[in-house]
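See below for the structure under consideration.
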Amino acid sequence: MKNKNITIGFIGAGNMANALIKGLITSKRYTVEQIRASDNDQEKLGAVSKQYGLKVHASNNDLVRECHIILIAV
């Protein structure tokens with residue numbers, strides 16, 4: 001069952017976040033529009049944004065304000 005009102009934010013955009021994001025999208029339980037990421041490493045953030053088309057944040061505070069669920073993947 002999909003819940004279109006839930007947004008999930010990942011603090012960290014490395015390997016663990018990538019694996020979880022891929023699983024969420026592949027399962028079709030969440031859409032790309034429902035998933036966000038933040039990271040201090042702009043290369044990782046850019047890569048995850050390009051690969052999945054996610055909305056990304058340079059600031060963890062901005063991410064937390066926008067998401068219902070926060071996963072720490074650092």
Side-chain angles (χ1 to χ4, degrees):
M1 181 171 98
K2 290 184 184 180
N3 189 338
K4 294 183 180 186
N5 298 324
I6 298 292
T7 53
I8 299 174
F10 287 86
I11 294 177
N15 293 334
M16 181 58 69
N18 270 284
L20 292 167
I21 291 166
K22 182 178 180 180
L24 290 171
I25 293 169
T26 302
S27 74
K28 299 185 180 183
R29 295 189 64 123
Y30 295 92
T31 65
V32 171
E33 292 80 19
Q34 292 177 273
I35 303 170
R36 314 272 191 272
S38 68
D39 200 303
N40 290 334
D41 186 331
Q42 294 302 308
E43 283 186 40
K44 288 181 182 178
L45 201 55
V48 77
S49 175
K50 184 177 179 180
Q51 182 173 357
Y52 300 107
L54 301 180
K55 182 175 179 183
V56 295
H57 300 273
S59 163
N60 293 338
N61 289 333
D62 292 342
L63 177 84
V64 169
R65 279 192 282 272
E66 193 171 303
C67 296
H68 298 94
I69 299 170
I70 302 298
L71 296 170
I72 300 173
V74 295

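Given the structure is predicted, the values throughout are model-derived calculations rather than measurements. Numbers here are sequence positions counted from 1.
- The residues Glu33 and Lys55 are annotated as not salt-bridged, no charged nitrogen and carboxylate oxygen being separated by less than 4.0 angstrom.
- By the neighbour-count criterion of 12 heavy atoms within 6.0 Å, atom CD1 of Ile6 is densely surrounded, having more than that number from other residues, nucleotides or ligands.
- Although no hydrogens or angles enter the test, the distance criterion places no donor-acceptor pair under 3.5 Å between the side chain of Ser38 and the main chain of Val56.
- The hydrophobic cluster containing Ile21 does not contain Ile70, counting ILVMFWY residues as joined when their side-chain heavy atoms lie under 4.5 angstrom apart, directly or transitively.
- Atom OG1 of Thr7 and atom CZ of Arg36 lie 6.0 Å apart (nearest 0.5 Å).
- Taking a 6.0 Å sphere around CG of Asp41, one finds it holds more than 12 heavy atoms contributed by other residues, nucleotides or ligands.
- For His68 (side chain) and Gly9 (main-chain N/O), no donor-acceptor pair under 3.5 Å exists by modelled atom type.
- A donor-acceptor contact shorter than 3.5 Å is absent between the side chain of Asn60 and the backbone of Asp39.
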Criterion side chain to side chain contact (heavy atoms under 4.5 Å, CB included) on Tyr52 and Asn18, from CA distance to verdict: CA-CA 9 Å; Tyr52 300 107; Asn18 270 284; 3.2 Å; yes

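- How far CG of Leu54 is from CD1 of Ile35: 6.0 Å, rounded to the nearest 0.5 Å.
- Partners of Gln42 according to the side chain to side chain contact (heavy atoms under 4.5 Å, CB included) rule, which considers only residues two or more places apart in sequence or in another chain, are Leu45, Ala58.
- Of all the heavy atoms in Leu63 and Ala37, the pair that sits closest is CD1-N, 3.8 Å.
- Here the shortest heavy-atom pairing between Gln34 and Arg29 reads OE1-O, 4.3 Å.
- Residue Asn61 holds its CG atom at 13.0 Å from CD of Glu66, rounded to the nearest 0.5 Å.
- Across all their heavy atoms, Ala13 and Lys44 have their closest contact at O-CB, 3.8 Å.
- A single hydrophobic cluster is not seen to contain both Ile11 and Ile69; linkage of ILVMFWY side chains at heavy-atom distances under 4.5 Å, directly or through other members, places them apart.
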